[in-house]
Amino acid sequence: MHDPRVLLDPATDAVRRLARRGYHLDLAQLEKLLGGRNAAIQRGDEARAESKRIASAVKNASPEERPALVERARELKSTVAAAEEEHKTLEAELQDFLLGVPNLPADELPDGSSDDDAELVRTWGEPAQLDFAPLDHVDLGEKLGILDLPRATKLSGPRFAVLRGQGAALERAIGRFFLDLHTRRHGYTEFSVPTLVTRATMTGTGQLPKFEQDLFRTEVADRELFLIPTAEVPLTNLHARETLPLTELPLAYTAQTPCFRSEAGSYGRDTRGLIRLHEFSKVELVRIVDAERSREELEILLGHAEAVLQELGLAYRVVKLAAGDIGFSAEFTYDIEVWLPSQGRYREISSVSDFGTFQARRAGIRTRAKDGSRGFAATLNGSGLPVGRTLVAILEQGQQADGSVRIPEALVPYTGFDVLHPEQ
RNA sequence: GGAAGCGUGGCAGAGCGGCCGAAUGCACUCGCCUUGAAAGCGAGAGACCCGCAAGGGUUCGGGGGUUCGAAUCCCUCCGCUUCCGCCA
């Protein structure tokens, strides 16, 4: 959420910047809502101030003047009530308006609105030259006996997966490897957090109110809870409505959680395999930092996500997303894309974003400097990494002519095996 | 699910319907002292909103009510604690 005054400030250039992501900002409407709200607050405050003066005058008033004072105080009550009513209405309208305004894309991002418009930052590792036709992860997984999609569909419908035997063990190993790397080498604190959260929590990070159709929603009795689409939601909101001393930042948090996504609107896309599921496991990285330093922190975070792929020896590239392609709450996003031999191209495996103070304003994550001055923190997050898509990359990049798959060396201590062999 | 109790500032903890935004202690900030630190001494400081400012308003779990006036009285919701039941 934005500070309305910042949006209205011509120096912000908000209309042009939001237009880059296809959002039309109605400045006139915003001005009207803000002005009306402030005027109502003023009126209420003035009337209330007079009430207070009268109230304290009453007890020292002579019996003759008392009735007039009490009468005047009674009148003021309705003035206050009316002003408050108007304030409440306009406040709600203003909030609705502001909650729907996306974050301002950073000027450094390329123009455009699709992943084709992304700008290549760097590539790492060489896509292996295979002297055989590569299988995709579904065929590999089935031949190896570690993946059972038909039975997943039997249990839950499309877009779910069952991993079996060494496949399940591999998933567990990958998650542990990620967490160990981030906690031991990158300094993250590991959390175990709820995967069902309230509407307010979802609003804090920007999933609500706009993207309810993307979420799984539960309702038991009169209680409504949402399944998290990413651990970003609980991790970032851990400090909602808190004031953090600047000296305690940056905070670096990580958690492995299941992630639930409705994938509404992606019918027919990536219907095969583990790429796009309603439920998948992911290790998420969240940083809560001094807003002054957010862009530097983004580079640090990106490095942490990249380190995972480097440790695994998986070829990937980093791209800077186009201004029109970044998420609602983001102002700057890098995507990390991993090489998939079966598709002959790079596919997104991690998204690393700087949200500036956008989420912090929604969630109320404040900072206090040593001199007492106050502000909002910046929040960042990145996948570090999703387990399923990593498994896909490991299978596909590690496949050999005989149908076996080499397990990355770094993972072997976690798996206890270094090769997966096809079942006969 | 049943019974009882409790919700005050970062924490602990006072608080007669007006003199309470709220005592006190700890923590905090800034000085002094010290080679440095601790201790000690002194000073300061809650948060949020409107306002260029002066200033004003809100805030004692949330909401509603009584009253000219409520942290203080009433209703209601929420949360927490303890006991019982059930349960992983």
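To find a chain, count down the sequence lines: A is the first, B the second, and so on, and within it residues start at 1.
Across all strands shown, C60(B) remains unpaired; no Watson-Crick or G-U wobble contact has both distances below 3.5 Å. Searching all strands for a Watson-Crick or G-U wobble partner of A12(B) with both distances below 3.5 Å returns U24(B). G17(B) is unpaired under the Watson-Crick or G-U wobble criterion, no partner having all donor-acceptor distances under 3.5 Å. Both distances falling under 3.5 Å, in either a Watson-Crick or a G-U wobble arrangement, occur for no nucleotide opposite U35(B). Across all strands shown, U82(B) is found opposite A3(B) as a Watson-Crick or G-U wobble partner, with both distances under 3.5 Å. Remark: G42(B) base-pairs with C30(B). Criterion, Watson-Crick or G-U wobble with two distances under 3.5 Å.
Here the shortest heavy-atom pairing between Leu340(A) and Ala393(A) reads CD2-CA, 4.0 Å.
Spacing between C19(B) and G2(B) at atom P, rounded to whole Å, works out to 41 Å. Spacing of P atoms, U72(B) relative to G65(B), comes out at 14 Å, to the nearest Å. Taking atom C1' in both C20(B) and G15(B), the straight-line distance is 8 Å, to the nearest Å. Rounded to the nearest Å, the gap between the P atom of G42(B) and that of C26(B) is 12 Å. A gap of 33 Å separates the P atoms of C52(B) and C11(B), to the nearest Å. To the nearest whole angstrom, the two C1' atoms, one in C16(B) and one in C6(B), are 22 Å apart. Straight-line distance between the C1' atoms of G7(B) and G57(B): roughly 26 Å, to the nearest whole Å. Taking atom C1' on both nucleotides, C73(B) is separated from G18(B) by 15 Å, rounded to a whole Å.
Of the N and O atoms on the side chains of Glu232(A) and Gln359(A), at least one donor lies less than 3.5 Å from an acceptor on the other residue. Counted by atom type alone, Ser373(A) and Arg368(A) present zero donor-acceptor pairs between their side chains at under 3.5 Å. Checking Tyr316(A) against Glu306(A) by side-chain atom types alone, a donor-acceptor pair falls below 3.5 Å.
Side-chain N/O atoms of Arg74(A) include one lying less than 4.0 angstrom from OP1 or OP2 on C68(B). The phosphate of C68(B) (OP1 or OP2) has no side-chain N or O of Lys52(A) nearer than 4.0 angstrom.
By the 6.0 Å contact criterion, NZ on Lys320(A) is enclosed, its count of non-hydrogen atoms from other residues, nucleotides or ligands being greater than 12. Within a 6.0 Å sphere centred on CD of Glu292(A), other residues, nucleotides and ligands contribute 12 heavy atoms or fewer. Within a 6.0 Å sphere centred on CZ of Arg151(A), heavy atoms belonging to other residues, nucleotides or ligands number 12 at most. Surrounding CZ of Arg176(A) are at most 12 heavy atoms belonging to other residues, nucleotides or ligands under 6.0 Å away.
Atom CG in Leu76(A) sits about 10 Å away from atom P in G69(B), given to the nearest Å. One atom, CZ of Arg53(A), and another, C1' of G55(B), lie 11 Å apart when rounded to the nearest Å. Rounded to a whole Å, the CG atom of Leu34(A) is 13 Å from the C1' atom of G51(B). Regarding Glu50(A), its CD atom lies at a distance of 16 Å from the C1' atom of G55(B), rounded to whole Å. In this structure, CD of Glu46(A) is placed 15 Å from P of C50(B), rounded to the nearest angstrom. Straight-line distance from the CZ atom of Arg72(A) to the C1' atom of G69(B): 16 Å, rounded to whole Å. In this structure, the CD atom of Glu86(A) is 14 Å from the C1' atom of C50(B), given to the nearest Å. Rounded to a whole Å, the CZ atom of Arg66(A) is 13 Å from the P atom of G69(B).
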Could you write out each protein N or O paired with an N or O of nucleotides 44-49 of chain B at a distance under 3.5 Å?
residue: A47(B); atom: O3'; partner: Arg374(A); partner atom: NE; Å: 3.3
residue: A47(B); atom: O3'; partner: Arg374(A); partner atom: NH2; Å: 3.4
residue: C48(B); atom: OP1; partner: Arg366(A); partner atom: NH1; Å: 3.4
residue: C48(B); atom: OP1; partner: Arg374(A); partner atom: NE; Å: 2.7
residue: C48(B); atom: OP2; partner: Arg374(A); partner atom: NE; Å: 3.4

I'd like a table of atom pairs between the protein and nucleotides 10-12 of chain B - only N or O on both sides, under 3.5 Å - with the distance next to each one.
none

Please tabulate, one pair per line, all N/O donor-acceptor pairs under 3.5 Å involving side-chain atoms of residues 4-14 of chain A, not counting sequence neighbours.
residue: Asp9(A); atom: OD1; partner: Ala11(A); partner atom: N; Å: 2.9
residue: Thr12(A); atom: OG1; partner: Val6(A); partner atom: O; Å: 2.5
residue: Thr12(A); atom: OG1; partner: Asp9(A); partner atom: O; Å: 3.3
residue: Asp13(A); atom: OD2; partner: Arg16(A); partner atom: NE; Å: 2.6
residue: Asp13(A); atom: OD2; partner: Arg16(A); partner atom: NH2; Å: 3.3

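In this structure, Ala55(A) reaches the bases: a heavy-atom distance under 4.0 Å links it to at least one base atom across the strands shown.
Between Glu84(A) and Glu71(A), the residue anchored closer to the 5' end of RNA chain B is Glu84(A), taking for each the nucleotide with the nearest heavy atom.
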Run the side chain to side chain contact (heavy atoms under 4.5 Å, CB included) check on Val289(A) and Leu380(A) step by step: do they pass? CA-CA 8 Å; Val289(A) 310; Leu380(A) 302 93; 3.6 Å; yes
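Between Arg347(A) and Asp270(A) a salt bridge is recorded (basic side-chain N to carboxylate O distance below 4.0 Å).
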